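Side-chain atoms are counted along with the backbone in the values below, which use heavy atoms only and exclude waters and symmetry mates. These figures come from a predicted structure and were not determined experimentally.
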Amino acid sequence: RPAAPSLFRLRTDRLCTIRTLGPVRIRMISRQGIFVAGLYQRVAIIPALLRPDPGESVEKKQRVLVVDDEAAIREMLSEYLDSHGFEVMAADSGKTMRELLAKQVPDVVLLDVNLPGEDGLTLARYVRERFDLPIIMVTALDQPSDRVKGLEAGADDFLTKPVNDLALITRVRSLVR
């Protein structure tokens, strides 16, 4: 079987046409994908399906546990983190979170405060007592007193919904270093 052409033969700042985007200019090429800018500054990332070179070390994916009872938010956070190279585990309740923690320990926990049954503050205390894991509270609560309660319960950081994508990734990456 012939070898697939290398994406690294492509050059940046070169104009090409992609069927779904039309004319685009290649902005950056990396192992994660090809970053292109189209007309009207539409930006797209074309994932690279590259296998590592023999002998090249493959980095371990950082694992994130997302705990939120709202399926849409849980899925959105999971997809976003996955697209940034994280392995994602998801739970819709405290019970599910405990079961996942018993099977596999993540590198960081994203935890909603308002959960059915046990609330996120109780779960943050549970995680803090048993594991040495960073915890980011991700919640709709936006009062300073809510932030203080979350931090006192053991959270390392506190993000208010709707979550800014860049802030989320930056905080997750800084806590898993």
Side-chain angles (χ1 to χ4, degrees), residues 28 30-35 42-52 56-177:
M28 186 174 80
S30 73
R31 287 241 177 246
Q32 285 75 40
I34 304 170
F35 297 77
R42 286 183 303 165
V43 176
I45 302 168
I46 303 165
L49 301 175
L50 297 177
R51 284 178 277 154
E56 183 179 341
S57 66
V58 178
E59 271 187 46
K60 173 190 161 256
K61 279 187 162 187
Q62 300 292 331
R63 190 174 299 121
V64 179
L65 173 57
V66 176
V67 184
D68 199 305
D69 61 321
E70 294 182 48
I73 292 173
R74 193 173 56 250
E75 289 170 15
M76 180 202 61
L77 290 173
S78 297
E79 287 176 15
Y80 187 72
L81 290 163
D82 182 62
S83 73
H84 280 80
F86 293 95
E87 181 181 328
V88 181
M89 302 161 42
D92 61 354
S93 66
K95 180 183 177 200
T96 308
M97 180 195 87
R98 291 173 196 264
E99 290 169 359
L100 289 172
L101 286 171
K103 293 177 187 172
Q104 201 168 37
V105 179
D107 297 298
V108 65
V109 177
L110 299 182
L111 184 58
D112 186 15
V113 172
N114 297 319
L115 293 168
E118 289 181 283
D119 68 349
L121 299 175
T122 304
L123 294 172
R125 286 186 204 95
Y126 171 84
V127 171
R128 185 60 63 220
E129 289 170 2
R130 290 163 180 78
F131 304 94
D132 184 23
L133 297 174
I135 302 168
I136 301 174
M137 303 301 282
V138 181
T139 182
L141 302 176
D142 61 355
Q143 296 300 310
S145 60
D146 299 321
R147 181 178 299 269
V148 169
K149 287 177 189 174
L151 296 172
E152 286 178 345
D156 296 287
D157 208 339
F158 194 97
L159 292 172
T160 304
K161 295 177 188 174
V163 177
N164 176 294
D165 297 343
L166 181 59
L168 174 69
I169 289 298
T170 302
R171 289 177 171 159
V172 169
R173 285 188 175 141
S174 73
L175 288 172
V176 296
R177 272 189 225 147

S.K.: List the residues meeting salt bridge (Lys or Arg N to Asp or Glu O under 4.0 Å) with Glu75, not counting sequence neighbours, and say none if there are none.
M.R.: none
S.K.: Would you call Asp112 and Thr139 a side-chain contact if the rule is heavy atoms closer than 4.5 Å?
M.R.: yes
S.K.: Residues in salt bridge (Lys or Arg N to Asp or Glu O under 4.0 Å) with Lys95, at least two apart?
M.R.: none
S.K.: Side-chain contact, heavy-atom cut-off 4.5 Å: Asp107 with Glu87?
M.R.: no
S.K.: Holding to salt bridge (Lys or Arg N to Asp or Glu O under 4.0 Å), I want the full list of residues that pass it with Arg171, two or more places apart in sequence or in another chain.
M.R.: Asp157
S.K.: Are Lys61 and Asp82 side-chain neighbours, meaning at least one heavy-atom pair lies under 4.5 Å?
M.R.: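 Lys61 reaches Asp82 side chain to side chain.
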S.K.: What pairs with Arg98 under side chain to side chain donor-acceptor pair (under 3.5 Å), at least two apart in sequence or on another chain?
M.R.: Glu118
S.K.: With a 4.5 Å heavy-atom cut-off, do Met76 and Val163 have their side chains touching?
M.R.: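 Answer no - side chains too far apart.
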S.K.: Which residues satisfy the ring-ring contact (aromatic ring centres under 6.0 Å, His included) test with Tyr80, sequence neighbours excluded?
M.R.: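 For Tyr80 the ring-ring contact (aromatic ring centres under 6.0 Å, His included) partners, ignoring immediate neighbours, are His84.
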S.K.: In a table with atom names and distances, give each donor-acceptor pair under 3.5 Å that connects a side chain of residues 99-106 to protein atoms at least two apart or in another chain.
M.R.:
none

S.K.: Please identify each residue that fulfils side chain to side chain donor-acceptor pair (under 3.5 Å) with Thr96, with sequence neighbours left out.
M.R.: Asp92, Ser93
S.K.: Just to verify, what does Arg128 make a side chain to side chain donor-acceptor pair (under 3.5 Å) with, not counting sequence neighbours?
M.R.: Asp156
S.K.: Does the side chain of Val66 come within less than 4.5 Å of Leu81's, by heavy atoms?
M.R.: yes
S.K.: Once side chain to side chain donor-acceptor pair (under 3.5 Å) is applied, do any residues pair with Arg74, and if so which ones, sequence neighbours excluded?
M.R.: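 For Arg74, no residue satisfies side chain to side chain donor-acceptor pair (under 3.5 Å) once neighbours in sequence are set aside.
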S.K.: Just verifying a value: how many Å separate Thr160 OG1 and Arg147 CZ, rounded to the nearest 0.5 Å?
M.R.: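 Going from OG1 on Thr160 over to CZ on Arg147, the span is 5.0 Å.
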S.K.: In Å and rounded to the nearest 0.5 Å, what is the CG to CG distance from Asn114 to Asp119?
M.R.: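 The CG atom of Asp119 is 8.0 Å from CG of Asn114, to the nearest 0.5 Å.
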S.K.: Mind checking whether Leu115 and Met97 have side chains closer than 4.5 Å, heavy atoms only?
M.R.: no
S.K.: Rounded to the nearest 0.5 Å, what's the gap from CD1 on Ile169 to CG on Asn164? Could you check?
M.R.: 10.5 Å
S.K.: Side-chain contact, heavy-atom cut-off 4.5 Å: Leu77 with Val64?
M.R.: no
S.K.: Please, which pairs that meet ring pair (Phe, Tyr, Trp, His ring centres under 6.0 Å) have at least one residue in residues 128-177, sequence neighbours excluded?
M.R.: none
S.K.: Residues in side-chain contact (heavy atoms from CB on, under 4.5 Å) with Glu70, at least two apart?
M.R.: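 Partners of Glu70 by the side-chain contact (heavy atoms from CB on, under 4.5 Å) criterion, ordered by chain and then number, come out as Asp68, Ile73, Lys161.
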S.K.: Identify, with sequence neighbours excluded, every residue that meets salt bridge (Lys or Arg N to Asp or Glu O under 4.0 Å) alongside Glu152.
M.R.: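 Once residues adjacent in sequence are excluded, Glu152 has no partner under the salt bridge (Lys or Arg N to Asp or Glu O under 4.0 Å) criterion.
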S.K.: Could you report the tightest heavy-atom contact between Gly154 and Ile135, atom names first, then the distance?
M.R.: O-CD1, 3.9 Å
S.K.: Is there side-chain contact between Leu168 and Leu110, with at least one heavy-atom pair below 4.5 Å?
M.R.: yes
S.K.: Do you know which two heavy atoms are closest between Leu65 and Ala90, and how far apart they sit?
M.R.: CD1-N, 4.3 Å
